[in-house]
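Only heavy atoms go into these numbers, but all of them, side chains included; no hydrogens, no water, no symmetry mates. For reference, positions follow the sequence shown, starting with 1.
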Amino acid sequence: MVDFNILNLLLKAKSKDFVKKICHQAMTRDVSEDALNLISSTIDCSAEETRSLLTSLNTLISGIIRDSITSAEDIQELFPEDFHKSLASLLTKIILELSPIWKQDISENLVSLPKLSSFSWSISSQQEAPVCFLNLNIKDKSGTQSVNTHLTKESLASLLSGLKQMKSQISQHT
């Protein structure tokens, strides 16, 4: 939850550029002690208040990015009625300017599952029972890998049954 009262500490910043730097620090994973001390001394507050400020800024900015809010008016609506108007405008301007960078940083740091990029199959009847050879091309952060497997008639039936259940469940959510 955003503590909008703690955001009023930004009014003590020496410049708009320093507010921008504080916002950038809020979106940094690990804020150094030096950065924390610099912010605390510049806006004349305790380290605990600075941590709360950074946490509230991070929560506000992350929520805006997560909800894909891209208009100044929509961001302005997030601030309470009694919030300092100039500060709300400045934060809105900074967020709109830097959100594409932060969004990229967030997406690069997310753990992503491998994705199926392509597949091929063939049937071989050279053995006692026909077998389906399946080649899956899987793409992840490290590149594309090929996974080969073979399926008997029974394992293929089981796979198809599972895929039908998945399709049915996905259809219920759309």
Side-chain angles (χ1 to χ4, degrees), residues 1-119 136-147 166-174:
M1 189 167 135
V2 178
D3 179 356
F4 287 98
N5 289 328
I6 200 82
L7 295 183
N8 285 315
L9 288 173
L10 294 170
L11 293 169
K12 297 179 179 182
K14 60 185 178 183
S15 67
K16 293 176 181 179
D17 192 48
F18 195 72
V19 172
K20 190 176 184 178
K21 289 178 183 177
I22 293 172
C23 290
H24 185 69
Q25 281 295 320
M27 294 305 292
T28 303
R29 278 196 204 213
D30 299 314
V31 179
S32 70
E33 279 300 312
D34 289 342
L36 194 65
N37 291 334
L38 175 64
I39 295 168
S40 296
S41 65
T42 303
I43 61 175
D44 191 31
C45 67
S46 69
E48 183 178 319
E49 288 173 313
T50 301
R51 282 187 191 90
S52 293
L53 170 63
L54 295 174
T55 299
S56 285
L57 277 171
N58 181 282
T59 302
L60 174 66
I61 295 166
S62 296
I64 290 168
I65 292 169
R66 178 192 64 242
D67 296 340
S68 298
I69 300 172
T70 57
S71 76
E73 297 80 26
D74 290 342
I75 294 173
Q76 290 282 324
E77 289 178 11
L78 299 174
F79 293 95
E81 279 287 319
D82 60 344
F83 193 79
H84 194 278
K85 299 298 179 206
S86 296
L87 181 56
S89 294
L90 176 61
L91 288 172
T92 299
K93 180 181 172 188
I94 292 168
I95 292 167
L96 287 173
E97 177 186 342
L98 297 177
S99 62
I101 296 166
W102 292 327
K103 188 174 186 175
Q104 180 67 30
D105 289 345
I106 290 169
S107 68
E108 287 175 0
N109 291 317
L110 288 177
V111 174
S112 63
L113 296 173
K115 294 178 176 47
L116 178 65
S117 59
S118 66
F119 71 94
L136 305 172
N137 290 314
I138 310 293
K139 187 173 185 176
D140 62 10
K141 285 186 176 182
S142 63
T144 302
Q145 299 176 0
S146 183
V147 177
M166 287 183 237
K167 180 181 176 185
S168 173
Q169 288 179 12
I170 288 174
S171 295
Q172 291 174 0
H173 293 284
T174 56

**Report entry** Minimum-distance pair of heavy atoms, taken over all atoms of Ala88 and Thr92
**Finding:** O-OG1, 2.7 Å
Query raised in the report: What heavy-atom pair brings Ile6 and Asp3 nearest, and what distance separates the two atoms?
Result: CG2-O, 3.0 Å
Query raised in the report: Stepwise, does the side chain to side chain contact (heavy atoms under 4.5 Å, CB included) test hold for Trp102 with His24?
Result: CA-CA 9 Å; Trp102 292 327; His24 185 69; 3.6 Å; yes
Query raised in the report: Where the side chain of Ser62 meets the backbone of Thr59, is there a donor-acceptor pair that is under 3.5 Å apart?
Result: no
Query raised in the report: How long is the span from the CE atom in Met27 to the CG atom in Asp105, to the nearest 0.5 Å?
Result: 8.0 Å
Requested in this report: Decide whether Thr144 and Asn137 meet the rule of one side-chain donor and one side-chain acceptor closer than 3.5 Å.
Outcome: no
Report task. Using a 4.5 Å cut-off on heavy atoms from C-beta on, say whether the side chain of Lys20 contacts that of Leu90. Result -> no
Query - Euclidean distance, Ser146 OG relative to Phe119 CZ, rounded to 0.5 Å - result: 13.5 Å
Query raised in the report: Step by step, would you call Cys23 with Phe18 a side chain to side chain contact (heavy atoms under 4.5 Å, CB included)?
Result: CA-CA 9 Å; Cys23 290; Phe18 195 72; over 6 Å; no
**Report entry** Inter-residue atom distance Thr50.OG1 - Leu9.CG, 0.5 Å rounding
**Finding:** 7.5 Å
Query raised in the report: Under a 4.5 Å cut-off applied to non-hydrogen side-chain atoms, are Thr55 and Asn58 in contact?
Result: no
Query - Candidate pair Asp140 and Lys115, rule side chain to side chain contact (heavy atoms under 4.5 Å, CB included), full reasoning - result: CA-CA 6 Å; Asp140 62 10; Lys115 294 178 176 47; over 6 Å; no
Report task. For the pair Glu49 and Lys12, find out whether any cationic side-chain nitrogen is under 4.0 Å from an anionic carboxylate oxygen. Result -> no
Report task. Check whether any side-chain heavy atom of Lys93 lies under 4.5 Å from a side-chain heavy atom of Ser89, and answer yes or no. Result -> no
Query raised in the report: Taking C-beta and beyond as the side chain, do Ile69 and Leu78 meet within less than 4.5 Å on heavy atoms?
Result: yes
Report task. Please test Leu10 against Ile43 for side chain to side chain contact (heavy atoms under 4.5 Å, CB included), starting from the C-alpha separation and ending with a verdict. Result -> CA-CA 7 Å; Leu10 294 170; Ile43 61 175; 5.6 Å; no
**Report entry** Neighbour count >12 (heavy atoms, 6.0 Å) for atom NZ, Lys139
**Finding:** no
Query raised in the report: What distance do Leu54 atom CG and Ile39 atom CD1 have between them, rounded to the nearest 0.5 Å?
Result: 5.0 Å
Query raised in the report: Just checking, is any N or O donor in the side chain of Asn37 or Ser40 under 3.5 Å from an acceptor N or O on the other one?
Result: no
**Report entry** Residue pair Ile64 / Thr70, side-chain heavy-atom distance below 4.5 Å
**Finding:** no
Query raised in the report: Between Ser15 and Asp17, is any side-chain donor less than 3.5 angstrom from a side-chain acceptor?
Result: no
Requested in this report: Mind checking the CZ-CG spacing from Phe4 to Leu87? Nearest 0.5 Å is all I need.
Outcome: 10.5 Å
Requested in this report: Answer whether the closest heavy-atom distance between the side chains of Glu97 and Pro100 falls below 4.5 Å.
Outcome: no
Query - Distance in Å, Ser56 OG paired with Leu7 CG, rounded so as to fall on 0.5 Å steps - result: 5.5 Å
Query raised in the report: Under a 4.5 Å cut-off applied to non-hydrogen side-chain atoms, are Ile95 and Leu60 in contact?
Result: yes
Report task. Report the C-alpha distance between Glu33 and Arg51 in whole Å, list the side-chain angles of each, state the deciding distance to 0.1 Å, and finish with yes or no for salt bridge (charged side-chain N to carboxylate O under 4.0 Å, His left out). Result -> CA-CA 11 Å; Glu33 279 300 312; Arg51 282 187 191 90; 3.6 Å; yes
